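Heads up, the thing below is written out as structure tokens.
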Number of protein chains: 4
Amino acid sequence: MRNERKNGVRQAIVDTASRLFYKQGYVNTGINQIIAESGVVKSTLYTAFRTKEDILMEYLVQSGAATDAALKLAAEKGKDDKGKVLAVFDYLIDLVQEKEFYGCNFLNLISEIPTDAERVIKQIQKQKNGVRKLFASLLEPMGKEELADEIYILFEGALIANKVHNKVWPVDAAKKIAAKLIS
Amino acid sequence: MRNERKNGVRQAIVDTASRLFYKQGYVNTGINQIIAESGVVKSTLYTAFRTKEDILMEYLVQSGAATDAALKLAAEKGKDDKGKVLAVFDYLIDLVQEKEFYGCNFLNLISEIPTDAERVIKQIQKQKNGVRKLFASLLEPMGKEELADEIYILFEGALIANKVHNKVWPVDAAKKIAAKLIS
Amino acid sequence: MRNERKNGVRQAIVDTASRLFYKQGYVNTGINQIIAESGVVKSTLYTAFRTKEDILMEYLVQSGAATDAALKLAAEKGKDDKGKVLAVFDYLIDLVQEKEFYGCNFLNLISEIPTDAERVIKQIQKQKNGVRKLFASLLEPMGKEELADEIYILFEGALIANKVHNKVWPVDAAKKIAAKLIS
Amino acid sequence: MRNERKNGVRQAIVDTASRLFYKQGYVNTGINQIIAESGVVKSTLYTAFRTKEDILMEYLVQSGAATDAALKLAAEKGKDDKGKVLAVFDYLIDLVQEKEFYGCNFLNLISEIPTDAERVIKQIQKQKNGVRKLFASLLEPMGKEELADEIYILFEGALIANKVHNKVWPVDAAKKIAAKLIS
DNA sequence: CATGAATGAGACTTCATTCAT
DNA sequence: GATGAATGAAGTCTCATTCAT
């Protein structure tokens with residue numbers, strides 16, 4: 001019971017913060033906005049999380065897990081080995097056209113966090129290494145494991161170029177390259 | 001001479017701001033730090049620039065021109081048509097290993113600027129479209145102009161993945177892909 | 001007791017601000033002066049009030065209530081119906097001769113507030129409508145309710161002319177007219 | 001020639017400042033806005049006027065003269081002695097309904113000027129004494145000179161109550177009282 | 001343990017004025 | 001004498017965090 005309440009507060013904070021961090025950015029989102037929109041009192045927030053950065057970490061972990069799952073699921077939709085890799089890009093094509101898509105959570109953060117926030121960088125790297133591993137695992141059956149990082153570069157390039165231009169073509173282009181690489 | 005004196009303050013502000021914006025990010029750099037490190041008093045800064053965002057715009061324009069020139073110069077070092085394209089990636093390989101390299105100016109900004117800063121986004125898009133055009137012009141002699149955006153995705157992927165992992169391999173991987181594409 | 005402690009800061013701010021707003025004007029009084037003279041630090045002030053205008057509103061409400069009470073009390077000192085109306089002007093005659101009298105709170109504000117401060121204007125109108133109603137209620141027993149607004153004009157004329165000339169005669173003149181009107 | 005240019009600048013400043021002081025108030029109007037809207041360079045403004053308050057003084061003198069003339073002219077439209085007095089109120093009735101009417105220039109200033117601006121207060125008093133004298137001169141032929149200040153109170157009451165409520169009725173009420181007083 | 005109140009530091013911007021040419 | 005550049009002081013408001021109950 002107690003724990004449920006406690007976790008309820010924690011999760012309410014994370015949910016609100018996640019939405020705001022993602023939409024507005026971490027630095028542009030203030031604690032005051034988080035408490036205003038989550039309905040949690042400020043001092044309660046600070047008993048649930050020691051610092052704003054702690055909330056960020058929780059956001060990274062949770063959205064990281066969701067992202068992992070989504071990518072894995074997307075890959076599984078591919079009909080054959082090659083198709084599984086390309087299915088990830090198909091997923092991106094849909095994703096970037098969603099109404100509330102504002103780019104990749106993790107890439108969005110990488111430039112905006114304070115220089116000394118090492119654990120945040122570490123977490124983002126960990127997340128992205130998961131993607132690299134995913135591609136490696138998808139390429140392995142084809143015996144093309146060594147292409148993993150190249151496909152990964154396409155993945156990142158698609159996402160960041162989409163963020164810059166706010167168009168779908170970067171993802172299309174990335175998919176096209178991927179298809180050539182693993183043909 | 002005259003101009004140096006006349007624009008001394010303006011340029012001193014831009015120089016300092018550029019360094020700080022690049023190293024720490026735009027939001028993490030306050031006007032107070034800019035005046036402290038440039039030696040310009042606050043009110044003088046605000047006669048030179050109407051807002052902090054105006055300083056950012058000048059930074060974008062100036063560093064954009066420098067970047068354009070550097071990329072063009074880098075490309076010219078390539079021995080043949082294909083070599084010119086790859087020379088851009090060679091340039092990146094050197095660049096990302098420089099001591100004071102903190103990623104691409106423009107990509108660094110794209111996620112941290114306030115949602116309503118449309119002119120900033122426009123300027124970044126303009127800058128990046130310049131890169132796309134550069135690749136198009138390099139590919140044209142080979143009759144492979146249609147690969148321009150694909151190469152561009154590699155360019156961005158290399159930069160952002162380097163930012164994330166702080167390693168050279170993403171640029172190497174991007175170059176490798178580029179080589180395959182235009183082989 | 002509790003309440004005193006609880007609202008101590010809020011009221012300290014309002015008290016100091018009221019004094020300064022009244023003596024120097026709203027625009028001529030800065031937040032910095034309010035915090036300096038109230039002993040409340042800036043951030044605390046801004047947890048108690050969202051904006052400077054919010055402090056102004058509280059000042060209007062509080063001084064408005066006090067003014068209402070004072071006028072009602074003054075009127076009650078009149079011996080008969082006619083006397084009650086004139087007693088209000090007698091009150092003004094005393095008031096304007098007080099050492100710390102700087103004119104009518106509300107009239108002082110009406111010209112200096114920013115053009116977009118609609119709620120401030122509304123509050124002042126509400127306050128002044130209270131005075132009109134007071135005169136109406138005092139005149140009703142005499143069956144001269146229709147004179148309320150005329151008496152009110154005298155009230156305002158007395159106050160503003162006193163402010164301009166810093167002399168008592170405007171109030172005397174207004175009282176004299178009032179006497180004629182209701183004779 | 002020189003003088004014309006010099007006076008041209010002076011007058012351009014006064015014209016712009018007058019408009020802004022009247023519409024927004026003195027404190028709410030900054031030097032920067034004056035130079036922006038008058039097209040006069042800041043340093044030139046400060047050779048034409050030593051301080052912002054000097055501009056205000058010139059504004060008071062010029063608009064004061066215009067007001068004097070307008071009131072005199074209005075009075076002359078009255079058909080008989082009594083009519084001349086009431087004609088002043090008829091003028092006000094029209095005036096307050098004009099699109100760009102924001103209250104009486106002089107009353108608007110009286111509460112907003114810094115406490116130490118004695119010469120400004122003096123000038124406003126002088127202006128208002130002119131109105132009192134006008135009423136005295138209009139009442140003299142009727143042998144009712146002693147009513148001058150009472151009529152004057154009505155004049156001020158009408159103006160300030162109109163400013164507060166933004167309605168015509170205060171002027172109507174004032175006129176009605178005036179009619180009774182001099183009947 | 002939950003919380004209302006408080007905080008020091010700093011955010012960006014504008015003020016009226018003066019100085020050096 | 002006109003002016004572009006510079007200025008110190010002050011403007012309102014927000015930051016992430018902590019303390020006393």
Side-chain angles (χ1 to χ4, degrees), chain A residues 2 5-6 9 26-36 40-56 114, chain B residues 2 5-10 12-13 27-36 39-55 114, chain C residues 2 5-10 12-13 27-36 39-55 114, chain D residues 2 5-6 9 26-36 40-56 114:
Chain A
R2 274 278 172 77
R5 286 253 316 266
K6 189 181 173 186
V9 166
Y26 174 69
V27 185
N28 290 314
T29 301
I31 288 286
N32 284 331
Q33 194 181 3
I34 296 174
I35 65 165
V40 174
V41 181
K42 195 181 283 191
S43 25
T44 303
L45 180 147
Y46 274 95
T47 54
F49 294 95
R50 216 172 47 79
T51 68
K52 186 187 172 189
E53 204 180 283
D54 283 353
I55 308 178
L56 175 60
Chain B
R2 273 280 173 78
R5 283 279 291 285
K6 190 176 174 188
N7 294 328
V9 167
R10 223 185 129 82
I13 294 165
V27 184
N28 291 313
T29 301
I31 289 288
N32 285 335
Q33 193 181 6
I34 296 175
I35 66 168
V40 174
V41 304
K42 204 179 280 190
S43 40
T44 302
L45 181 147
Y46 274 96
T47 52
F49 294 94
R50 221 169 46 77
T51 66
K52 186 188 173 188
E53 201 179 285
D54 282 353
I55 307 179
Chain C
R2 272 278 171 81
R5 284 277 292 283
K6 191 176 172 186
N7 293 328
V9 167
R10 226 186 125 82
I13 294 165
V27 186
N28 291 313
T29 301
I31 288 287
N32 285 333
Q33 194 181 4
I34 296 175
I35 66 170
V40 175
V41 304
K42 203 180 280 189
S43 40
T44 302
L45 181 147
Y46 274 98
T47 52
F49 294 95
R50 220 170 44 78
T51 66
K52 185 187 172 189
E53 202 180 284
D54 282 354
I55 307 178
Chain D
R2 277 277 171 80
R5 287 256 312 268
K6 187 181 173 186
V9 166
Y26 174 68
V27 183
N28 291 314
T29 301
I31 288 286
N32 284 331
Q33 194 181 5
I34 296 175
I35 66 167
V40 174
V41 181
K42 196 181 281 192
S43 25
T44 303
L45 181 148
Y46 274 94
T47 53
F49 294 94
R50 216 171 46 79
T51 67
K52 185 186 173 190
E53 203 179 282
D54 283 353
I55 307 179
L56 175 60

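As the structure is a computational prediction, the values presented were derived from the model and not from experiment.
Between the P atom of dA16(E) and the CZ atom of Phe49(D) lies a distance of 15 Å, rounded to the nearest Å. Residue Gln33(B) contributes atom CD, which lies 14 Å from atom C1' of dA9(E) at whole-angstrom precision. Rounded to whole Å, atom C1' of dC15(F) lies 14 Å from atom CG of Leu45(A). Atom-to-atom, CD1 of Ile31(C) to C1' of dC15(E) comes out at 16 Å; the value is rounded to the nearest Å. Ile34(B) has its CD1 atom 15 Å from the P atom of dG10(E), to the nearest Å. For Tyr46(A) and dG4(E), the OH to P distance is 16 Å, given to the nearest whole Å. Straight-line distance from the CD atom of Glu53(D) to the C1' atom of dC15(E): 15 Å, rounded to whole Å. Between the CG atom of Asn28(A) and the P atom of dT14(F) there is a distance of 15 Å, given to the nearest Å.
With Lys42(A) contributing its side chain and Ile31(A) its backbone, the two residues share no donor-acceptor pair below 3.5 Å.
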Here DNA chain F, pairs taken as Watson-Crick or G-U under 3.5 Å and shown with ( ), [ ] when crossing and | when to another strand, reads .||||||||||||||||||||

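Ile55(B) places a side-chain heavy atom less than 4.5 Å from the side chain of Leu45(B).
Sequence order on DNA chain E of the closest nucleotides to Gly30(B) and Gly39(C) puts Gly39(C) first from the 5' end. Nearest-nucleotide assignment on DNA chain F puts the 5′-proximal partner with Tyr26(A), out of Ser43(A) and Tyr26(A). Comparing Lys52(C) and Val41(B) against DNA chain F, the residue whose closest nucleotide sits nearer the 5' end is Val41(B).
One N or O donor and one acceptor, one from the side chain of Lys42(D) and one from the base of dT17(E), sit under 3.5 Å apart. Judged by distance alone with a 3.5 Å cut-off, no donor-acceptor contact links the side chain of Thr47(D) to the base of dG1(F).
Between Asn32(C) and dT12(F) there is no side-chain N or O to OP1 or OP2 distance below 4.0 Å. At least one side-chain nitrogen or oxygen of Thr44(C) sits closer than 4.0 Å to the OP1 or OP2 atom of dT7(E).
Here the closest non-hydrogen pair linking Ile35(A) and Val40(A) is CB-O, 3.1 Å. The minimum heavy-atom distance between Thr44(A) and Thr47(A), with the atom names listed, is O-OG1, 2.7 Å.
Atom OH of Tyr26(D) is separated from atom CG of Asn28(D) by 12.0 Å, given to the nearest 0.5 angstrom. Atoms CD1 and OG1, from Ile34(C) and Thr29(C) in turn, are 6.5 Å apart once rounded to the nearest 0.5 Å.
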